[in-house]
Structure formats: C-alpha cells, structure tokens
There are 2 protein chains.
Amino acid sequence: MEELPSWVLSQVSAQGHRIIVERFGAVGARGYHYRLLRSLATDGPASQAALGRRTGIYLSDLVGALNELEEAGYVRRSPDPADRRRNVVGLTDRGRERAEELTERAHAVQEELLAPLSAPEREQFAGLLQRLLEHHRSGG
Amino acid sequence: MEELPSWVLSQVSAQGHRIIVERFGAVGARGYHYRLLRSLATDGPASQAALGRRTGIYLSDLVGALNELEEAGYVRRSPDPADRRRNVVGLTDRGRERAEELTERAHAVQEELLAPLSAPEREQFAGLLQRLLEHHRSGG
DNA sequence: TCGTAAACGTTCGGAAGTCCAACGTTAGGT
DNA sequence: ACCTAACGTTGGACTTCCGAACGTTTACGA
C-alpha cells in the first residue's frame with residue numbers, strides 16, 4: 001500500500017516538533033526564538049524585514065517573537081538612522097548567551113531525532129532535505 | 001554554518017503542509033479528512049478510538065473531523081451493538097469515491113514536494129524517513 | 001455482587017506554527 | 001510632486017498538537 005513519503009515526512013516532522021517544544025519549552029523558549037537568535041548571532045544585525053527573509057518567518061509573526069525576545073532582554077530594536085522605516089535588530093550580551101544555550105538545545109534535539117541514523121546517513125538525509133528546501137524556497 | 005537538519009526538516013515539512021492545504025483546500029478537504037478516509041478505505045471500519053490510534057489523530061480532533069465527513073455524507077457512524085460505548089465508523093459509497101479522489105491529490109502533493117529528487121533519491125529519502133518514524137513510534 | 005477502574009465519545013480551551021489582508025509611515029523613482 | 005514600493009504593526013484565520021473534564025458504558029477484582 002506504498003506509504004506516501006510526504007505523510008511519513010509529516011509524522012517524522014511532528015515528532016521533531018514535539019521534541020523541540022519539549023526541550024525548548026523547558027527553558028521558556030520556542031522555535032521562533034531559536035531561529036531568530038541564531039540568525040542574529042551568525043549573520044549579524046538586520047532590519048525586521050531582512051530578518052524575516054533570512055529566517056523564513058512572516059513579518060507579522062516576527063513582531064510578536066521579537067517583542068518576547070526584547071522583553072526578555074535578548075534583543076534590542078533601534079531605529080535605523082539611514083532609513084526611518086527600519087528597526088535594526090541586534091543581540092544583547094544576554095542574547096548572545098541565550099543563542100548559545102538554545103544552540104546546545106538544538107543539537108540535543110537533533111541528536112534525539114536522528115538517533116537511529118549513522119553519520120553518513122545523516123549526511124545523506126541533510127543533503128536531500130537541503131535540496132528540497134532550496135527548490136521550494138526559490139521556485140516555489 | 002552547518003544548518004541543522006532538524007530545522008531544515010521543519011521548513012520542508014512546512015512547505016509540504018502548505019501544498020497539502022492548497023491542493024486539498026481546492027476541493028474543500030483538509031489533511032485529517034484524507035488521513036481518515038484513507039484509513040477507513042484500506043483498513044476497514046473501526047470505532048473512533050481505534051481510528052484515532054490508527055491515524056494518530058487526537059480523539060478530540062477526530063470528533064470534529066468525523067462530524068464534517070458525516071455531514072458531507074462520506075462517512076457513517078453507527079452504534080456498535082456489541083459495545084454501546086462505541087461508534088462504528090464506516091465509509092459510504094460516496095466516501096469511497098472521495099477517498100480515491102483525495103488519494104490522487106495526495107500523489108500530486110507528493111510529486112510537487114519531491115519534484116527535485118530522482119527516483120532512487122526518493123527511495124533513499126523514503127527509507128530514511130521510514131526508519132526515523134519507526135524508531136520514534138516504538139522507542140519514543 | 002458490588003464497586004472501582006478503565007475505555008469511549010464529546011466538549012472546551014490553549015499553545016505553536018503558518019499564512020493573509022489591511023493600515024499608516026517612510027523612501028525611492030519618474 | 002506623485003505614485004509606488006518597502007517597512008513595521010495589528011488582527012484574524014486555519015491546522016496540528018495536547019490536556020482537562022464529563023457522562024456513559026464495560027470490565028475486573030474483592
């Protein structure tokens with residue numbers, strides 16, 4: 001009855017999501033927080049619009065997530081003097097620490113999710129996923 | 001910057017979800033409907049609780065989805081004479097047709113999602129996903 | 001046999017992620 | 001100067017996941 005990979009994908013992803021919620025929830029974070037802090041840590045400060053493009057998070061959702069991060073003191077919004085439409089979003093020192101903390105958690109999630117796969121299999125898996133993502137990110 | 005596969009997985013799955021909503025929404029259906037109709041078509045009638053176990057859908061969500069399917073005439077709830085707690089859920093003739101229709105759509109979704117992969121790559125991908133799924137379904 | 005525990009269907013509600021439509025403000029191009 | 005586009009924000013919708021609670025019915029153990 002040929003299980004359709006797209007549905008298996010859904011279920012595996014659901015498992016992954018469950019683990020993410022669990023591991024991150026334990027320290028009061030959620031997926032968006034990690035995505036944002038990581039993007040800021042690795043690619044530097046950016047306007048919200050640019051951040052949205054980088055992380056694939058909708059602008060409307062970004063607002064809320066940034067509010068949470070800002071209230072927690074992980075992130076700072078400062079007006080861009082060169083363009084008064086923009087907020088430049090940057091990490092605070094605490095934010096940098098938080099990014100590292102969440103990155104560790106993310107690796108733990110990964111380890112848990114990919115546990116049954118060998119190193120070369122993980123490479124394969126990551127490669128295939130990456131190609132799928134790129135295809136759908138550009139061509140749609 | 002070593003993109004973590006678990007996050008790429010999330011995003012690819014989100015893409016898949018988007019396609020599913022789009023393709024199924026075009027005929028007034030959603031993911032749960034397909035999951036349920038397919039399960040009923042391939043594994044036969046069942047009580048709601050059993051159906052929930054088979055499809056991985058929460059009982060609380062199942063109620064609503066079955067209401068929709070029943071109202072559309074795709075599914076029938078009849079009291080189980082052997083156990084008055086149970087409803088036996090079965091497909092109607094129209095439900096069988098609907099299951100086939102949605103199965104075709106599911107294949108289209110699949111084709112769209114896995115478009116950039118060759119046949120042997122899809123095999124690989126499906127195999128890896130299957131192993132992940134089995135691991136998390138049993139061991140947790 | 002009686003009482004407790006379990007299963008079943010249902011309702012309610014919340015968290016998280018994804019997505020769209022609209023609005024006022026500000027920049028940029030013509 | 002005008003029109004278009006980008007930007008940040010708000011509000012809402014939908015799907016999936018998940019838990020709490022409740023009444024009914026069955027099963028089991030004392």
Side-chain angles (χ1 to χ4, degrees), chain A residues 6-7 9-26 28-36 46-68 70 75 77-89 109 136-137 140, chain B residues 6-7 9-26 28-36 46-68 70 75 77-89 109 136:
Chain A
S6 51
W7 295 96
L9 172 63
S10 294
Q11 292 178 68
V12 172
S13 176
Q15 278 295 326
H17 186 254
R18 216 179 39 73
I19 300 173
I20 286 169
V21 168
E22 186 183 318
R23 296 269 192 164
F24 282 179
R30 56 193 184 108
Y32 280 178
H33 298 171
Y34 170 65
R35 283 209 232 167
L36 291 171
S47 71
Q48 298 187 192
L51 210 44
R53 282 180 231 114
R54 260 154 53 166
T55 58
I57 299 177
Y58 268 65
L59 279 302
S60 39
D61 302 319
L62 233 151
V63 176
L66 285 182
N67 287 345
E68 294 161 4
E70 193 172 30
V75 133
R77 270 189 264 220
S78 27
D80 185 338
D83 186 337
R84 283 188 305 183
R85 290 173 303 180
R86 292 196 176 102
N87 286 334
V88 176
V89 181
V109 167
H136 290 284
R137 203 164 40 186
Chain B
S6 50
W7 296 93
L9 173 63
S10 293
Q11 292 179 65
V12 171
S13 176
Q15 279 295 326
H17 181 68
R18 214 179 40 74
I19 299 173
I20 286 170
V21 168
E22 186 183 317
R23 295 267 192 167
F24 282 178
R30 53 193 186 109
Y32 280 175
H33 297 172
Y34 171 65
R35 281 209 234 167
L36 290 170
S47 71
Q48 299 187 192
L51 210 44
R53 282 179 231 114
R54 258 154 53 166
T55 58
I57 298 176
Y58 270 66
L59 279 304
S60 39
D61 300 322
L62 229 150
V63 177
L66 285 181
N67 288 345
E68 294 161 4
E70 193 172 31
V75 134
R77 271 190 263 220
S78 27
D80 185 340
D83 186 338
R84 285 186 303 181
R85 290 172 303 180
R86 293 196 175 99
N87 286 335
V88 176
V89 181
V109 167
H136 290 283

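Reminder, nothing fancy here: chain letters follow the sequence lines and each chain counts from 1.
Residues meeting the side-chain contact (heavy atoms from CB on, under 4.5 Å) test with B:V88, sequence neighbours left out: B:P45, B:S78, B:D80.
Here the C1' atom of nucleotide C:dT18 and the CD atom of B:E22 are 14 Å apart, to the nearest Å. Across the protein-nucleic acid pair, A:N67 atom CG and D:dT10 atom C1' stand 11 Å apart, rounded to whole Å. C:dG17 atom C1' lies 17 Å from atom OH of A:Y34, rounded to whole Å. D:dT16 atom P lies 12 Å from atom CG of B:L62, rounded to whole Å. For A:L66 and D:dT10, the CG to C1' distance is 15 Å, given to the nearest whole Å. Spacing between atom CG of A:D61 and atom P of C:dA15 amounts to 16 Å, rounded to whole angstrom units. Between A:E68 atom CD and C:dA15 atom C1' the separation is 11 Å, expressed in whole Å. Between B:I19 atom CD1 and D:dC14 atom C1' there is a gap of 17 Å when expressed in whole angstrom units.
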**Request:** Would you please test A:H136 and B:Q11 for side chain to side chain contact (heavy atoms under 4.5 Å, CB included) and show each step?
**Result:** CA-CA 10 Å; A:H136 290 284; B:Q11 292 179 65; over 6 Å; no

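The structure places CH2 of B:W7 at 4.0 Å from CD1 of A:I20, a figure rounded to the nearest 0.5 Å. Atom CG of residue B:L51 and atom CZ of residue B:R35 lie 11.0 Å apart, to the nearest 0.5 angstrom. The CZ atom of B:R23 sits 11.0 Å away from atom CZ of B:R18, with the distance rounded to the nearest 0.5 Å. Annotation: the span from B:F24 atom CZ to B:Y32 atom OH amounts to 14.0 Å, rounded to 0.5 Å.
Using modelled atom types, one side-chain atom of B:E70 and one backbone atom of B:R77 make a donor-acceptor pair closer than 3.5 Å. Of the possible donor and acceptor atoms, none in the side chain of B:S13 sits under 3.5 Å from a partner among the backbone N and O of B:L9.
Considering only side-chain atoms of A:L59, the nucleotide from C:dT11, D:dT9, C:dC8 that sits closest is D:dT9. The side chain of B:Y32 lies closest to D:dT16, out of D:dT9, C:dC19, D:dT16. When distances run from any side-chain atom of B:R30 to the nucleotides D:dG8, D:dT15, D:dG19, the shortest one goes to D:dT15. Side-chain proximity of B:Q48 to C:dT10, D:dC17, D:dG8: nearest is C:dT10.
Between the base of C:dC20 and the side chain of A:S60 there is a donor-acceptor pair shorter than 3.5 Å. Between the side chain of B:N87 and the base of C:dC8, no donor-acceptor pair under 3.5 Å is found.
Checking the phosphate oxygens (OP1, OP2) of C:dT18, no side-chain nitrogen or oxygen of B:Q15 falls inside 4.0 Å. Put simply, A:R77 has a side-chain N or O that comes within less than 4.0 Å of OP1 or OP2 on D:dT9. Residue B:Y58 places at least one side-chain N or O under 4.0 Å from the OP1 or OP2 atom of D:dC18.
In terms of position along DNA chain C, the nucleotide closest to B:S47 lies nearer the 5' end than the nucleotide closest to the other residue of the pair B:S47 and B:S10. DNA chain D is contacted by both A:R86 and A:H17; A:R86 maps to the nucleotide lying nearer its 5′ end (nearest heavy atom per residue). Nucleotides of DNA chain D nearest to A:A14 and A:V63 differ in position, and the one nearer the 5' end is that of A:V63.
If you check every strand for non-hydrogen atoms under 4.0 Å, B:G31 touches sugar and phosphate atoms only.
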Distances under 3.5 Å between nitrogen or oxygen atoms of protein and nucleotides 27-29 of chain C:
residue : atom : partner : partner atom : Å
C:dA27  : OP1  : A:R84   : N            : 2.9
C:dA27  : OP1  : A:R84   : NE           : 3.2
C:dA27  : O4'  : A:R85   : NE           : 3.4
C:dA27  : O4'  : A:R85   : NH2          : 3.4

